[in-house]
Chemist: 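Take a look at this one; I'll ask things after.
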Amino acid sequence: MRVNRLERGGGIMRPVKLLMACWRAAVAKCVSLALTMMLIDLVNDGFTWDSVSGEVVFAPLVWGILTLAVALVGVWSLRRRAGAAGIALSVEALDDRQTHVLRPAPVSDGWQERVREELAASERAFLVAGKGHEEIHFRWRPGRGKQSVCGSMSFDAPSGEAVLDVRDGEGLLGVAGLGNGSSFAAVCQIAEATGLESATARG
């Protein structure tokens, strides 16, 4: 399983790659609607050469512009969330599963309990259950609705690190309606709520 380490500061990839990833997600989300609208227009206009050629030329252009606009909003939303939490962006931000290594700043006695309490106190968290002193499982609402992601956090007291694992299993709308990015948004929210930071931020 790949572990994405959070890095404060600049992004680790070119913004255009993230934009293209968001654009592909937007296209995948809208392709069925676009085809349906094209078919309806063809039925209404009649299957003539002019109507078919017009739809083939202009419909993809219009939908391409619309989905690009959605992708731009998605990038803006991801950058805003990542900036607030100090999390570097990458194409993996759209993955349904996010795994990150975090640590408190500074590390002090009882930091695990403090993190547990702050996480459980968040209005976004529910069904919080501990699995011994080393692990905690919970559900987290990244949006305003009732849908949630499944999360767990395991603690390594000697190293002062915590591994946060978040998975989207409910098919959330995602960031800007892209259908992806809900898990990344949850990671940003959890990091802010618990005061955790990148394990690499302190060297």
Side-chain angles (χ1 to χ4, degrees), residues 1-2 4 6-7 10-44 54-100 119 122-127 138-152 164-194:
M1 178 174 56
R2 177 169 49 192
N4 300 322
L6 312 185
E7 297 180 6
I12 60 175
M13 66 171 293
R14 295 179 181 178
V16 66
K17 291 185 178 180
L18 178 62
L19 175 59
M20 293 305 296
C22 289
W23 197 3
R24 288 193 296 270
V27 169
K29 195 74 173 178
C30 297
V31 65
S32 60
L33 176 60
L35 292 175
T36 300
M37 295 299 296
M38 287 177 61
L39 181 60
I40 291 174
D41 288 341
L42 287 173
V43 170
N44 291 336
E55 287 294 329
V56 170
V57 172
F58 293 108
L61 177 61
V62 171
W63 281 98
I65 294 173
L66 290 175
T67 51
L68 178 59
V70 173
L72 287 169
V73 174
V75 171
W76 172 82
S77 181
L78 288 169
R79 288 176 63 88
R80 178 177 60 83
R81 295 173 185 275
I87 299 176
L89 279 176
S90 70
V91 175
E92 284 74 25
L94 297 179
D95 290 352
D96 288 339
R97 185 169 189 173
Q98 297 285 317
T99 305
H100 297 269
L119 190 148
S122 174
E123 61 181 10
R124 295 182 180 274
F126 65 104
L127 296 180
F138 57 91
R139 304 288 301 188
W140 186 273
R141 299 185 186 92
R144 296 181 179 180
K146 295 182 179 181
Q147 288 183 308
S148 63
V149 295
C150 181
S152 66
L164 174 62
D165 185 53
V166 178
R167 302 174 300 282
D168 176 9
E170 294 188 357
L172 277 74
L173 288 176
V175 175
L178 292 174
N180 302 94
S182 293
S183 294
F184 183 80
V187 168
C188 295
Q189 294 165 349
I190 294 168
E192 287 189 275
T194 59

Chemist: What is the minimum heavy-atom distance between S183 and D96, and which atoms define it?
Modeler: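 Between these two residues, the closest heavy atoms are OG-O, 2.5 Å.
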Chemist: Which heavy atom in I190 sits nearest to a heavy atom in F138, and how many Å separate them?
Modeler: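 For I190 versus F138, the nearest heavy atoms are CD1-CE1, 3.7 Å.
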Chemist: Please tell me if the side chains of D165 and R97 come closer than 4.5 Å, counting only heavy atoms from C-beta onward.
Modeler: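 Side chain of D165 against side chain of R97, heavy atoms only: contact under 4.5 Å found.
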Chemist: Using a cut-off of 6.0 Å, state whether more than 12 heavy atoms not belonging to R79 lie near its atom CZ.
Modeler: no
Chemist: Taking the side chain as every heavy atom from C-beta outward, state whether V149 and P142 have any pair of such atoms under 4.5 Å apart.
Modeler: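 In short, these two side chains touch, coming nearer than 4.5 Å.
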Chemist: Enter the distance from H100:NE2 to F184:CZ here, rounded to the nearest 0.5 Å.
Modeler: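 It comes to 6.5 Å.
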Chemist: Sequence neighbours left out, what passes side chain to side chain contact (heavy atoms under 4.5 Å, CB included) with R139? Give chain and number order.
Modeler: F126, L127, S148, C150, E170
Chemist: Check whether any side-chain heavy atom of L94 sits under 4.5 Å from a side-chain heavy atom of V175, and report yes or no.
Modeler: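 When only atoms from C-beta onward are counted, V175 and L94 do not touch, as no gap falls below 4.5 Å.
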Chemist: For A71 versus C22, what's the shortest heavy-atom pair and its separation?
Modeler: CB-C, 3.7 Å
Chemist: As an exercise, state the distance from OG of S182 to CG of D95, rounded to the nearest 0.5 Å.
Modeler: 12.5 Å
Chemist: Roughly how far, to the nearest 0.5 Å, is CG of L173 from CG of N180?
Modeler: 11.0 Å
Chemist: Give, for atom CZ of R81 and atom CD of Q189, the distance between the pair rounded to the nearest 0.5 Å.
Modeler: 5.5 Å
Chemist: For a side chain to side chain contact (heavy atoms under 4.5 Å, CB included) check, start with the C-alpha distance between L68 and L19, then their side-chain angles and the critical distance, and finish with the verdict.
Modeler: CA-CA 8 Å; L68 178 59; L19 175 59; 4.3 Å; yes
Chemist: Mind listing the closest non-hydrogen atom pair of S152 and R167 along with its distance?
Modeler: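 Heavy atoms of S152 and R167 come nearest at OG-NH1, 4.3 Å.
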Chemist: If you measure from OG1 on T67 to CG on L178, what distance do you get to the nearest 0.5 Å?
Modeler: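 The distance works out to 10.0 Å.
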